[in-house]
Amino acid sequence: MALRFVTQKIHSWLDYPVAVSLVAMPFILGLGTSNPLAMWLAVITGVAAFILTVLTDHETGLIRVLPYSFHLLVDGLVGVTFLAAPFVLGFTGLDAWYYWANGIAVCIVVGLHKPAEDAMAMAR
């Protein structure tokens, strides 16, 4: 199995549940004890991720106006932001661990992205 196996199709089907999770989990976990931004950063990111997914030109996009490459760029920036947020915003405890875990997950998914030309070459 190739190391880069997350296709555009796989990624597109992950987007909606991740967006909903980013909105819901801060409330379920009670984030925001070290800094109220620990709750709202994820919620706002989840809403933005939902809108980004709706607007992305991929399998689950509803209004396909944004290129998938832009979507990947934004995801990568979110991953790096989530990794840095605990340090920059002073999150501690569960607040910090939530962002580190999500940042690592996002960076892994983006890093394992299989470029479209590789996927097309394998299909031949």
Side-chain angles (χ1 to χ4, degrees):
M1 175 185 267
L3 184 58
R4 297 177 132 207
F5 62 89
V6 178
T7 63
Q8 178 177 314
K9 185 173 187 172
I10 291 169
H11 186 124
S12 73
W13 284 102
L14 291 172
D15 282 336
Y16 288 107
V18 167
V20 170
S21 173
L22 285 169
V23 172
M25 289 308 291
F27 296 101
I28 293 168
L29 296 173
L31 296 185
T33 57
S34 65
N35 182 334
L37 286 175
M39 177 185 295
W40 296 110
L41 178 60
V43 172
I44 292 166
T45 302
V47 170
F50 185 86
I51 293 167
L52 179 65
T53 300
V54 166
L55 296 175
T56 298
D57 184 15
H58 63 20
E59 285 77 3
T60 62
L62 301 176
I63 305 168
R64 300 174 179 191
V65 295
L66 297 174
Y68 180 65
S69 58
F70 177 76
H71 182 111
L72 281 176
L73 174 66
V74 171
D75 282 354
L77 292 172
V78 167
V80 170
T81 300
F82 277 13
L83 290 171
F87 301 107
V88 174
L89 300 173
F91 300 166
T92 60
L94 183 59
D95 291 348
W97 286 105
Y98 175 83
Y99 283 95
W100 288 327
N102 277 289
I104 289 168
V106 170
C107 288
I108 287 172
V109 168
V110 171
L112 293 177
H113 168 67
K114 182 181 201 69
E117 58 273 4
D118 289 349
M120 288 175 20
M122 289 183 67
R124 293 182 209 163

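The figures here come from the full heavy-atom set of this structure, side chains too, leaving out hydrogens, waters and symmetry mates.
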Using the rule that Ile, Leu, Val, Met, Phe, Trp and Tyr join whenever any side-chain heavy atoms are under 4.5 Å apart, tell me whether [X] and [Y] fall into a single cluster.
| X | Y | result |
| --- | --- | --- |
| Val74 | Val110 | no |
| Val6 | Val18 | no |
| Leu29 | Trp97 | no |
| Ile63 | Val47 | yes |
| Val78 | Ile51 | yes |

Only one of Phe87, Phe91, Phe82 passes ring-ring contact (aromatic ring centres under 6.0 Å, His included) with Trp100; say which it is.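 Of all the options given, the one that passes is Phe87.
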Verify, without hydrogens or angle tests, whether [X] (side chain) and [Y] (backbone) share a donor-acceptor contact under 3.5 angstrom.
| X | Y | result |
| --- | --- | --- |
| Tyr16 | Thr60 | yes |
| Asp95 | Pro86 | no |
| Thr81 | Leu77 | yes |
| Asp15 | Thr53 | no |
| Tyr99 | Ala42 | yes |

Once you round to the nearest 0.5 Å, how far does CZ of Arg64 lie from CG of Leu55? 12.0 Å
Count the heavy atoms of every other residue, nucleotide or ligand shown that sit under 6.0 Å from CZ of Phe70, and state whether that count exceeds 12. no
Flag the pair [X] / [Y] as yes when at least one side-chain heavy-atom distance between them is below 4.5 Å, and no otherwise.
| X | Y | result |
| --- | --- | --- |
| Asp57 | Tyr68 | no |
| His11 | Asp75 | yes |
| Asn102 | Met25 | no |
| Leu66 | Leu52 | yes |

For this output row, return yes or no: ring centroids of His58 and His71 closer than 6.0 angstrom.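 Centroid distance His58-His71: below 6.0 Å, so yes.
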Shortest non-hydrogen separation from [X] to [Y] and the atoms involved:
| X | Y | result |
| --- | --- | --- |
| Ala85 | Leu41 | CB-CD2, 3.8 Å |
| Leu22 | Gly46 | CB-CA, 3.6 Å |
| Pro17 | Trp13 | CD-O, 3.4 Å |

